[in-house]
Amino acid sequence: MLQLQAIRDSKNDFITALTKRNIDGAPLLEKAIELDDKRRETQTKLDKTLAESNALSKEIGMLFKSGKAQEANVLKEKTGILKEDSKVLSDTLTTVEEELQSLLYQIPNIPHSSVPAGNTDEDNEEVFSEGTVPELVSNALPHWELAKKYDIIDFELGVKITGAGFPVYKGKGARLQRALIAYFLDKNTEAGYTEIQVPHLVNEASGYGTGQLPDKEGQMYHIGEDDLYLIPTAEIPVTNLFRGEILKEQQFPICYTAYTPCFRREAGSYGAHVRGLNRLHQFDKVEIVRVEHPSKSFEALDGMVEHVKNILRELKLPYRILRLCGGDLGFTSALTYDFEVFSTAQDRWLEISSVSNFEAYQSNRLKLRYKDENGKSQLAHTLNGSSLALPRVLAGILENYQVEDGIEIPEVLVPYCGFSKID
RNA sequence: GGAGAAAUGGCAGAGUGGUCGAAUGCGGCAGUCUUGAAAACUGUUGAGGGUCACACCUCCGGGGGUUCGAAUCCCUCUUUCUCCGCCA
């Protein structure tokens, strides 16, 4: 959520920046300022009415104490009118505030200056690539065929017990999953992230805090009976740990990592691109989350990008990094780098990580602040990234590491797996 | 799930209708003292709105109500604790 003061200060810059998202921000921002003006005006009137009423009440109290009941009763009548006025004003205020709030919820974050303009993923900007695409055997298979051939992932069984998009991992497949989770967590811990375990269900307030609500309402599984949401990413519970907190500057940087399953309804997805592990309703992910001082957040973002690079280097997977264009940028993000691994057997890039700086956008919703050197509350910056999303890393490994008689295991994972080949 | 008790500032803990944004203690910060630190002493110390700055307004778990006036009374929801039941 954007800050009103920032909108007032930089309205024109914001409008220009929002065109990168193909959004005409002018009417939205102007409406927000207008509503805020109305809010202030109403608040001032209400405050005055209440002040008057408070003063009278005090007077009445004193009159009663000194036995002047009659005078008191005269004043009582006055307060009756004030009460009616304040009721009207406070109703107006509530309406205006709600209107303003829901308007602000509709305005996405302002893209960072480096974000390229554009509509679709075609317009994303490749900023880095590394690793060599392996020469595969002539009869190379896509991962869903490999999964069947070596009996390590069973999609049909998942359909039987739950539905499409809920695979069952078996034997060495299951073990490889566990190995990846442990490996990622270890790498993150080494890099200074504190490992935590968080609930996989969150309440509505958390959904609003990180911005999945109301924007992505239909994408989350919702448990109506208890009004809880299955998390689509660990970002929600981890970032919301800091909802409503006021930090001390010396607490920065805050770095957390968590493994969780992620649940996504993926309404509207279909076709070959969602085959196999490419798009699932339930998948595993290891996430990194940071809470930073505003002056350090972009430095932190670069650090996170380097960190993810290191992991992919160790896994020896060919990958590239994209800077997302305005049209592809998430609602709450100011700058996002996507990591894509090249899946040789499918001959396409698969997104495996997304690393973003939300600046103060989430913090403003979360009311996540810190005290600056003057003792004033300021909004902190939040960031997060996947390190990494399991299914597509698994797809990349299966496809790129396949040989004539099986699938080799990346060297760094062998100690975690306890085997060096799936056959 | 049943019965009872409770929810107050960073923490502990007073406060049962007006003088309470809230005693006191601890903690935090600043200062005096000290070579330095500790101790002691002095001052200061919740959040939000609003203002050039004051004033002023709101907030004592959330929501609603009674009253001229609510931390205090009533209703409701949530959470926590104790006892019973169930249970990985």
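Chain A is the first sequence line, chain B the second, and so forth, proteins listed ahead of strands; every chain is numbered from 1. The model shown is predicted, which means the values in this text are computed figures rather than measured ones.
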Modelled atom types, side-chain donor and acceptor of Asn22(A) and Asn119(A), under 3.5 Å: yes
Assigned partner base of rG17(B), Watson-Crick or wobble definition, under 3.5 Å: none
Suppose you measure atom C1' in rU72(B) against the same atom in rA14(B); what distance do you get, rounded to whole Å? 13 Å
Lys87(A) NZ - rC68(B) P separation (whole Å): 16 Å
Under 3.5 Å on both distances, the Watson-Crick or G-U partner of rU51(B): none
From the options rA47(B), rG50(B), rU58(B), select the nucleotide whose nearest atom is closest to the side chain of Arg40(A). rG50(B)
In whole Å, what is the span from the CG atom of Leu46(A) to the P atom of rU58(B)? 8 Å
Of all the choices, rC68(B), rC57(B), rA47(B), which nucleotide is nearest to the side chain of Ile246(A) once you look at every atom? rA47(B)
Using a cut-off of less than 4.0 Å, is there contact between a side-chain N or O of Asn54(A) and OP1 or OP2 of rC57(B)? yes
If I take atom CG in residue Asp91(A) and atom C1' in nucleotide rG64(B), what distance separates them, rounded to the nearest angstrom? 13 Å
Aromatic contact, Phe263(A) with His200(A) (centres under 6.0 Å): no
Figure out the CD/C1' separation between Glu97(A) and rC57(B), and round it to whole Å. 12 Å
Is NZ or CZ of Lys172(A) both nearer than 6.0 Å to the six-membered ring centre of Phe419(A) and within 45° of the ring axis? yes
Roughly how many Å is it from CG in Asn364(A) to C1' in rG48(B), rounded to a whole number? 13 Å
Watson-Crick/G-U partner (both atom distances under 3.5 Å) of rC59(B): rG46(B)
Under 3.5 Å on both distances, the Watson-Crick or G-U partner of rA5(B): rU80(B)
Nearest non-hydrogen partners of Lys421(A) and Ile409(A), listed with the distance: N-CG1, 3.8 Å
Shortest non-hydrogen contact between Leu394(A) and Ile153(A), atoms and distance: CD2-CD1, 4.0 Å
What integer number of Å spans the P atoms of rC75(B) and rU80(B)? 23 Å
Run the salt-bridge test on Lys38(A) and Glu41(A) with the 4.0 Å N-O cut-off and return the result as yes or no. no
Rounded distance in Å between the C1' positions of rC20(B) and rU79(B): 26 Å
What contact category does Ile60(A) fall into here, base, sugar-phosphate, or nothing, at under 4.0 angstrom with non-hydrogen atoms? base
Using the P atom as the point on both nucleotides, what is the distance between rC59(B) and rG21(B), in whole Å? 10 Å
Applying the 3.5 Å cut-off to both distances, the Watson-Crick or G-U partner of rG10(B) turns out to be rC26(B)
Write down the distance separating the C1' atoms in rA39(B) and rC33(B), rounded off to the nearest Å. 11 Å
Applying a 4.0 Å non-hydrogen cut-off, can you work out what Asn73(A) is touching in the nucleic acid: base, sugar-phosphate, or nothing? nothing
As its Watson-Crick or G-U partner within any shown strand, both distances under 3.5 Å, rA70(B) has none
Rounded to the nearest Å, what distance is computed from the CD atom of residue Glu52(A) to the P atom of nucleotide rC56(B)? 14 Å
Would you check if there is a donor-acceptor pair between the side chains of Asn109(A) and Glu359(A) at a distance under 3.5 Å? no
Roughly, in whole Å, what's the span from NZ in Lys38(A) to C1' in rG50(B)? 19 Å
Can you tell me, in whole Å, how much space there is between the P of rA22(B) and that of rA71(B)? 12 Å
N/O contacts under 3.5 Å, protein versus nucleotides 69-72 of chain B?
{"unit_1": "rG69(B)", "atom_1": "O4'", "unit_2": "Ser57(A)", "atom_2": "OG", "d": "3.4"}

So, Glu235(A) versus Gln362(A): side-chain donor-acceptor pair below 3.5 Å or not? yes
Let me know, please, whether Arg39(A) or Lys58(A) comes out on the 5' side of the other along RNA chain B by nearest nucleotide. Lys58(A)
Interatomic distance at P, rG25(B) relative to rU78(B), whole Å: 39 Å
Who is the Watson-Crick or G-U wobble partner of rU35(B), with both distances under 3.5 Å? none
Need to verify one output field. Residue with the more 5' nearest nucleotide on RNA chain B, Lys371(A) or Leu56(A)? Lys371(A)
Within the pair Ser377(A) and rG48(B), is there a side-chain N or O less than 4.0 Å away from OP1 or OP2? yes
Pairwise C1' distance, rA88(B) and rC83(B) [rounded to whole Å]: 23 Å
Only pairs with both distances under 3.5 Å count, Watson-Crick or wobble alike; so what is the partner of rG85(B) in this structure? none
Taking only N and O in the side chain of Arg369(A), is any of them less than 4.0 Å away from OP1 or OP2 of rG48(B)? yes
Nearest whole Å is fine: how far is rU45(B) P from Lys248(A) NZ? 17 Å
Minimum heavy-atom separation for Arg175(A) and Gly418(A), please, with both atom names. NH2-N, 4.2 Å
Check whether the side chains of Tyr183(A) and Glu314(A) place a donor and an acceptor atom closer than 3.5 Å, and report yes or no. yes
